[in-house]
Amino acid sequence: GTFANGGTNNAGAGNSGASSFGGVVGQIGPMASDDNSAMTNCHNTGAVKFQSWMAATSGSASYLGGVAGYSNVKMTNCSNSGKAFLESKSAYVNAGGVVGYCAQAMDNLSNNGETEIQFIRSTAASQQIGKQAYAGGVAGYSKTSLTNSTNGKSVKITLTTEDTSA
């Protein structure tokens, strides 16, 4: 299946407690037995803000993207021009101007919005808060190829340490 020609132009969006958030779609994956699933011609122009206070377990993760938070399909001709902002205590944090985490090929993606993560890390050795953070102008974390893609704005990660030992 293909998710095509989606778009938003809202002034902003927010959510708390979920794991994936995007300006067009939070999470997208292939349909059963469909190897040709894709996300094409999807665009976001609004600010996307995600505050995730999930339980900080060893596998907890937060994904944010201007278009898609988490994608397991090929992405083509997608763009973002709104700010992507993620604040999280999750063990793993991924934010990108277009996509936070992508497991399939990406081609012709563009970002013209700022990307920012505020990453909260615990001082207690037993806590799983704040292990890894990835941010990128186009993709926060990619498991595959990224071609013909551009970023025109800043990318920033801010680390805050929180004393949770008491």
Side-chain angles (χ1 to χ4, degrees), residues 1-15 18-52 59-88 90-119 130-159:
T2 298
F3 181 82
N5 303 317
T8 62
N9 63 357
N10 56 337
N15 188 24
S19 62
S20 298
F21 196 76
V24 176
V25 63
Q27 182 168 336
I28 186 168
M31 303 300 205
S33 72
D34 184 352
D35 295 334
N36 296 314
S37 294
M39 186 171 187
T40 60
N41 301 319
C42 295
H43 311 283
N44 177 60
T45 59
V48 182
K49 180 179 181 181
F50 180 32
Q51 294 174 298
S52 177
S60 68
S62 295
Y63 307 104
L64 172 93
V67 174
Y70 184 102
S71 175
N72 195 21
V73 299
K74 181 178 179 180
M75 293 183 71
T76 306
N77 300 326
C78 296
S79 68
N80 175 60
S81 61
K83 181 175 182 174
F85 176 81
L86 172 62
E87 182 177 16
S88 181
S90 296
Y92 303 96
V93 178
N94 302 280
V98 178
V99 59
Y101 178 98
C102 193
Q104 300 297 324
M106 296 172 282
D107 184 50
N108 199 33
L109 306 183
S110 66
N111 178 56
N112 244 342
E114 295 176 353
T115 304
E116 183 177 354
I117 294 178
Q118 286 190 354
F119 190 48
K131 287 180 135 185
Q132 294 176 338
Y134 299 101
V138 174
Y141 185 91
S142 172
K143 290 190 78 168
T144 187
S145 65
L146 173 64
T147 57
N148 303 314
S149 299
T150 61
N151 176 56
K153 292 290 182 171
S154 64
V155 178
K156 177 181 176 181
I157 297 178
T158 304
L159 174 64

**Item:** Residue pairs fulfilling side-chain hydrogen bond (donor to acceptor under 3.5 Å, both in side chains) with at least one residue in residues 99-111, sequence neighbours excluded
**Value:** N72-Q104, N77-N108, N80-N111, D107-T147, D107-N148, N111-N151
Minimum heavy-atom distance [X]-[Y], with the two atoms named:
X: C102; Y: M75; answer: SG-SD, 4.2 Å
X: S88; Y: S62; answer: OG-OG, 3.0 Å
X: F21; Y: K49; answer: CE2-O, 3.8 Å
X: S20; Y: G26; answer: CB-O, 3.3 Å
X: S149; Y: L146; answer: OG-CD1, 3.3 Å
X: Y63; Y: G69; answer: CB-O, 3.2 Å

**Asked** Below 4.5 Å, heavy atoms only, C-beta onward: do F85 and Q118 meet side chain to side chain?
**Response** yes
**Item:** Min side-chain heavy-atom separation M39-V67 under 4.5 Å
**Value:** yes
For the atom pair [atom1] ([X]) and [atom2] ([Y]), what is the distance rounded to the nearest 0.5 Å?
X: N94; Y: I117; atom1: CG; atom2: CD1; value: 7.0 Å
X: C42; Y: I28; atom1: SG; atom2: CD1; value: 7.5 Å
X: L86; Y: I157; atom1: CG; atom2: CD1; value: 10.0 Å

**Prompt:** Does A84 have any side chain to side chain contact (heavy atoms under 4.5 Å, CB included) partners at least two apart in sequence or in another chain, and if so, which?
**Reply:** L64
**Complete:** Those residues at least two apart in sequence (or on a different chain) that pass side chain to side chain donor-acceptor pair (under 3.5 Å) with E116 are K83
